[in-house]
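Okay, structure first, notes after.
Order of the sequence lines sets the chain letters (A, B, ...), proteins ahead of strands, with each chain counted from 1. Keep in mind that the numbers below use all heavy atoms, side chains included, and drop hydrogens, waters and symmetry copies.
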Amino acid sequence: MSTSPSRPVVESESPAIRLRALRKSFGGHEVLKGVALDIRHGEVMSVLGRSGGGKSTVLRCVNLLERPTSGTIEIDGETIFADGEAVRGQKLVRLRRRVGMVFQNFQVFPHLTAAENVVLPLVHGAEVPEPEAVEQALRMLHRVGLADKALRTPDTMSGGEQQRVAIARALALNPVALLFDEPTSALDPESTREVLGVIKELAADGMTMVVVTHELGFARDVADRVAFFDDGVIVEEGDAQEVIGNPRHPRTRAFITGMETEPHTVH
Amino acid sequence: MNDLFQGVPWADYVPDLWAAFLSTLSYTVVSFVAAAVIGLVTALARLAKFRPVSAAAQIYTETFKNLPLITELYILYFGLASVGVNLSAFQAGSLGLALFYGAYLSEIFRAGLRGVPKAQREAAYALGLSSGRTLRHVILPQAARIAVPGTSTMMVDLLKGTSLMVAIGGGELMTQGTLIASDTFRALQVYIVIGLIYLALCAPLSRLMLRLERRMHAGDALSPSRRRVCGLIRQVRQDGTALYASSRS
């Protein structure tokens with residue numbers, strides 16, 4: 001870092017994402033039971049844990065696709081949820097533009113070409129003029145290695161390619177952070193490698209990311225920190241290599257040994 | 001059989017047939033456009049969370065789906081006239097067709113809207129699109145792809161349905177056919193010729209709609225705005241290789 005050593009830059013600015021006492025119930029069933037988490041700018045956090053542990057729900061609360069029951073959420077210092085009240089209208093739409101999300105099943109728009117998928121939110125959400133949006137879209141597709149597929153429709157692309165279009169589409173809006181909800185769970189091993197490769201490059205470029213994943217190797221190698229979710233709470237959180245290499249909590253230990261000994265099936 | 005075209009002075013009827021032909025087209029275009037608007041509004045209303053709105057839409061659909069078109073036409077043309085509301089045959093006929101086919105189209109459009117996965121809407125929201133823009137640019141285009149085959153069937157059915165205007169003297173092809181037949185007493189040949197005209201109208205329309213369906217499924221850019229964007233993409237790709245130079249290490 002070239003900044004003055006007297007000022008710890010990262011510590012002084014507000015985290016990209018700050019969650020406090022976050023709770024979420026569906027009907028009578030409590031899925032999040034008080035989650036506190038800070039994700040600093042430029043940090044990659046991997047979220048691990050069994051299915052149903054609340055990992056996806058946390059992610060979906062961050063951009064308010066899911067409305068928490070209580071707690072607070074701050075994005076880059078701006079409170080977007082507190083005291084049971086969430087931002088609404090234009091503020092909500094702007095918030096979502098600042099937090100990109102990549103889904104397990106890609107959710108590219110099937111009626112549009114790859115480049116148009118990236119252009120659409122730029123033009124019709126962020127009000128970027130068309131020529132600039134098109135340039136931005138092609139830059140982003142190039143960044144994920146799909147410059148030559150700009151005018152292909154999703155049904156002619158592999159799962160890995162579709163997921164990379166989805167990443168380019170989220171990236172194009174210049175978000176504060178990118179959220180990945182099991183981005184490789186629907187992919188074959190080769191596509192998984194492609195997509196993880198792209199995420200790794202983004203990490204190297206300093207992109208702030210939260211990645212819900214079952215890929216332990218990826219979490220260890222790429223993430224700065226991991227948070228291990230179980231039954232709606234974070235049971236262990238810390239340096240990625242430390243938590244995965246030497247888990248302290250019994251449930252983390254059981255999960256990680258289970259993952260390593262069982263042949264990892266990709267469904 | 002060889003006197004099929006004898007005994008009817010067809011040349012004399014060309015102007016009348018032409019006018020009737022245009023009338024059939026007018027009924028078709030006016031009532032189809034109106035039915036499509038009614039159908040879309042009703043389909044959206046059916047999916048509304050506010051109960052009174054969806055209930056009203058459902059009552060409309062069920063009423064007109066289960067009422068014979070001919071009965072509806074009699075009510076609009078003869079029935080309303082008897083209480084002093086005088087609609088012309090064209091007004092009553094177009095209104096009747098629009099209400100009747102609007103009910104069917106609303107069901108087809110509703111199936112189209114429901115056929116778009118919920119996750120697509122979420123993805124659009126997550127990208128910072130408002131709910132209006134999401135509907136316009138993400139949901140409706142995909143719903144349209146699902147709804148095209150059913151809509152085509154209804155369009156052709158509506159065109160043929162204009163022949164029911166004969167019951168109210170609508171001035172279209174079938175009405176004209178009855179006039180020529182009673183003039184000439186050559187019912188067989190007259191109605192065969194009228195039938196051929198309907199066939200000549202409907203068959204190409206069916207083909208055209210099938211082609212539209214194929215092109216939509218291939219993801220072709222059909223709307224002017226998509227053509228413009230795709231044109232820009234091609235253009236930037238062609239002379240924009242410098243664009244990429246700085247973005248990747």
> Where does B:R136 contact chain A at under 4.5 Å (heavy atoms): side chain, backbone, both or neither?
Replying inline: neither
> Does A:H111 use its side chain to pair, donor to acceptor, with the backbone of B:M216 at less than 3.5 Å?
Replying inline: no
> Shortest non-hydrogen contact from B:A119 to A:Q107?
Replying inline: CB-NE2, 3.1 Å
> What part of A:E66 lies closer than 4.5 angstrom to a heavy atom of chain B: side chain, backbone, both or neither?
Replying inline: neither
> Based on non-hydrogen pairs under 4.5 Å, which of A:L120, A:N63, A:V119 is most in contact with chain B?
Replying inline: A:L120
>> So for A:L112, is it side chain, backbone, both, or neither that comes closer than 4.5 Å to the heavy atoms of chain B?
In response: both
> So which part of A:F103 gets closer than 4.5 Å to some heavy atom of chain B, the side chain, the backbone, both or neither?
Replying inline: side chain
>> More than 12 heavy atoms of other residues, nucleotides or ligands under 6.0 Å from NZ of B:K65: yes or no?
In response: yes
>> What's the separation between atom CG in A:L92 and atom OH in B:Y125, rounded to the nearest 0.5 Å?
In response: 10.0 Å
> Looking at A:E130, A:R97, A:R60, which one has more heavy-atom pairs under 4.5 Å with chain B than the rest?
Replying inline: A:E130
>> For B:L129 versus A:P121, what's the shortest heavy-atom pair and its separation?
In response: CD2-CA, 4.1 Å
> Just wondering, are more than 12 heavy atoms of other shown residues or ligands nearer than 6.0 Å to CD in A:E127?
Replying inline: yes
> So what's closer than 4.5 Å to chain A heavy atoms on B:A124: side chain, backbone, both or neither?
Replying inline: both
>> Among B:V116, B:D220, B:V229, B:V138, which residue has the highest count of heavy-atom pairs closer than 4.5 Å to chain A?
In response: B:V138
> So which heavy atom on B:I233 is nearest to which on A:L138, and how close?
Replying inline: O-CD1, 3.9 Å
> Can you name the closest pair of heavy atoms from B:R234 and A:L151 and give their distance?
Replying inline: CG-CD1, 3.5 Å
> Side chain, backbone, both or neither: which part of A:V99 has a heavy atom under 4.5 Å from chain B?
Replying inline: backbone
> Taking A:R96 for the side chain and B:L127 for the main chain, is one N or O donor matched with an acceptor at less than 3.5 Å?
Replying inline: no
>> Heavy-atom cut-off 4.5 Å, strictly under: side chain, backbone, both or neither for A:T153 against chain B?
In response: side chain
> If you tally heavy-atom pairs under 4.5 Å against chain A, which of B:R228, B:R226, B:Q142 wins?
Replying inline: B:R226
> A:R169 and B:A123: which non-hydrogen atoms are nearest, and at how many Å?
Replying inline: NH2-CB, 4.1 Å
>> Are more than 12 heavy atoms, taken from residues, nucleotides or ligands other than B:Q91, located less than 6.0 Å from that residue's CD atom?
In response: yes
> Can you tell if the side chain of A:H124 reaches within under 4.5 Å of the side chain of B:T134, non-hydrogen atoms only?
Replying inline: no
> Within the distance-only criterion (no hydrogens, no angle test), does the side chain of B:R237 pair as donor or acceptor with the backbone N or O of A:D148 below 3.5 angstrom?
Replying inline: yes
> Which residue out of B:R133, B:R145, B:Q120 racks up the most heavy-atom pairs below 4.5 Å with chain A?
Replying inline: B:Q120
>> I need the residue from A:P110, A:G125, A:A170 with the largest number of non-hydrogen atom pairs under 4.5 Å to chain B.
In response: A:P110
